[in-house]
Amino acid sequence: MEAISLFVQPKPLLSEAIESLVAEGVLKARALKLSPGDYLFREGDDMRNTFYLTRGLVRLYSGTPDGYTKTVFFHKAGTLIGFQGFRPEVDRKPSILNAKATTKVEAFAIDAESFGAYLKAHGEVCYAMAQYLFEMMSLQTREAVNASIYPVLQRFSALLLTLAREFNSAQAPAIIPFSNEELAEMLGVHVNSITNSVVALRNADCAERQRGALVITDFKKLKSIAENLIVEN
């Protein structure tokens, strides 16, 4: 089941190749450990590495002029994040996004120059990398289309179903450990829209607020609200 396209999924061929190349010392890499709230990188940083996550969840987001933020992706273990270092030196620009640890994170900072050289010489891994980047582009396109077509309540319901799946909570009561403000950032809407959606879901007897978390109390009713944003695999 896929609802809202926020979570980047690993590509097994690419993940296995990177882990093997790092272990063998073919790629220059250093191990990192982050606590929740630590930054992997920030907007404006000069990026010379790409990061491969081996544990945890990293939120990739942008800031807005009015002080809000919008989540672009959540990266999970087995995924890559940060690609500015692949651009030629003359064209390289600072990061326009922030990457912050949502949970405890372990990662490898891989030297982009050595990684790029390896990709040029190894077509199979290069192709897997191209598939991975295309999938991220497709996720962004799908989310932009969803935002222009579907009401906030429907997208919010789909987001909750996606979060429940990602946190392995497929049965009610399922705890979604995010505040209204954080959920608003994920959808790129004002927090009042999420507050109103929570009230609507509570009135529909499918979700409620409990001790700083949102709890899904009825998956069937929540799916009926999400409707066309649910795709059964």
Side-chain angles (χ1 to χ4, degrees), residues 1-34 38-42 45-62 71-89 91-145 162-163 165-168 186 231 233:
M1 178 182 68
E2 182 176 295
I4 294 292
S5 305
L6 281 176
F7 291 84
V8 178
Q9 304 298 326
K11 294 291 183 185
L13 174 62
L14 183 60
S15 301
E16 291 168 9
I18 291 172
E19 289 174 10
S20 176
L21 293 169
V22 169
E24 294 169 5
V26 175
L27 296 180
K28 298 177 183 178
R30 57 189 174 86
L32 302 173
K33 290 187 178 182
L34 286 75
D38 289 347
Y39 283 89
L40 195 57
F41 56 83
R42 295 175 183 262
D45 283 355
D46 181 15
M47 301 287 292
R48 302 301 175 101
N49 296 309
T50 189
F51 301 92
Y52 178 76
L53 306 185
T54 57
R55 177 190 178 190
L57 198 65
V58 170
R59 177 185 173 228
L60 188 68
Y61 70 94
S62 62
T71 298
V72 178
F73 290 126
F74 280 100
H75 283 262
K76 307 191 298 183
T79 65
L80 285 163
I81 183 171
F83 303 101
Q84 289 89 340
F86 286 110
R87 301 185 69 169
E89 186 77 30
D91 296 326
R92 189 171 295 148
K93 293 179 173 59
S95 174
I96 61 172
L97 298 172
N98 302 280
K100 180 190 277 189
T102 300
T103 63
K104 288 184 177 180
V105 167
E106 294 179 7
F108 287 110
I110 302 172
D111 177 74
E113 185 175 352
S114 70
F115 195 9
Y118 184 88
L119 291 173
K120 288 179 182 179
H122 296 81
E124 187 176 12
V125 179
C126 184
Y127 181 66
M129 182 71 159
Q131 288 181 310
Y132 175 79
L133 294 174
F134 178 78
E135 178 63 23
M136 287 202 297
M137 183 176 67
S138 298
L139 292 178
Q140 286 184 305
T141 302
R142 195 179 313 152
E143 176 61 15
V145 171
T162 295
L163 292 172
R165 180 192 64 189
E166 294 297 335
F167 287 108
N168 298 314
M186 293 180 199
V231 178
N233 288 331

Only counting residues at least two apart or in another chain, list the ones meeting side chain to side chain contact (heavy atoms under 4.5 Å, CB included) with [X].
| X | result |
| --- | --- |
| L133 | F83, M129, M136 |
| D111 | K28, N49, E113, S114 |
| D45 | F41, R42, M47 |
| Q9 | F7, K76, R165, E166 |

Minimum heavy-atom distance [X]-[Y], with the two atoms named:
| X | Y | value |
| --- | --- | --- |
| A29 | I110 | CB-CG1, 4.0 Å |
| A101 | V105 | CB-CG2, 3.7 Å |
| P10 | S15 | CB-OG, 3.9 Å |
| V8 | T79 | O-CG2, 3.5 Å |

Residues which pass side chain to side chain donor-acceptor pair (under 3.5 Å) with S95, listed by chain and number, not counting sequence neighbours: Q84
List the residues meeting side chain to side chain donor-acceptor pair (under 3.5 Å) with T50, not counting sequence neighbours, and say none if there are none.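 T50 satisfies side chain to side chain donor-acceptor pair (under 3.5 Å) with no residue once adjacent residues are dropped.
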Side chains of [X] and [Y] in contact at under 4.5 Å (non-hydrogen atoms):
| X | Y | answer |
| --- | --- | --- |
| L97 | V72 | yes |
| T71 | L60 | no |
| F51 | H75 | no |

In Å, rounded to the nearest 0.5 Å, how long is the span from [atom1] of [X] to [atom2] of [Y]?
| X | Y | atom1 | atom2 | answer |
| --- | --- | --- | --- | --- |
| N98 | Y39 | CG | OH | 5.5 Å |
| E135 | R142 | CD | CZ | 6.0 Å |
| L14 | L80 | CG | CG | 5.5 Å |
| L57 | F74 | CG | CZ | 6.0 Å |
| T102 | D38 | OG1 | CG | 11.5 Å |

Which residues pass the salt bridge (charged side-chain N to carboxylate O under 4.0 Å, His left out) test with D46, not counting sequence neighbours? R48
Which salt bridge (charged side-chain N to carboxylate O under 4.0 Å, His left out) pairs, counting each pair once, include a residue from residues 49-62, with sequence neighbours left out? R55-E106, R59-E185
Could you note down all residue pairs passing salt bridge (charged side-chain N to carboxylate O under 4.0 Å, His left out) where residues 123-134 supplies at least one of them, sequence neighbours left out? none
Which pairs count as ring-ring contact (aromatic ring centres under 6.0 Å, His included) when at least one residue sits in residues 122-143, sequence neighbours excluded?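 Every pair satisfying ring-ring contact (aromatic ring centres under 6.0 Å, His included) with a residue in residues 122-143: Y118-H122.
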Pairs meeting criterion ring-ring contact (aromatic ring centres under 6.0 Å, His included) with involvement of residues 96-117, two or more places apart: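 Of all non-adjacent pairs touching residues 96-117, those that pass ring-ring contact (aromatic ring centres under 6.0 Å, His included) are F86-F115.
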For a quick test of your reading: what N or O donor-acceptor pairs under 3.5 Å do the side chains of residues 17-25 make, sequence neighbours left out?
from : atom 1 : to  : atom 2 : distance (Å)
E19  : OE2    : Y52 : OH     : 2.5
S20  : OG     : E24 : OE2    : 3.0

Would you sort out whether L32 and L40 count as a side-chain contact (heavy atoms from CB on, under 4.5 Å), showing the intermediate values? CA-CA 9 Å; L32 302 173; L40 195 57; 4.0 Å; yes
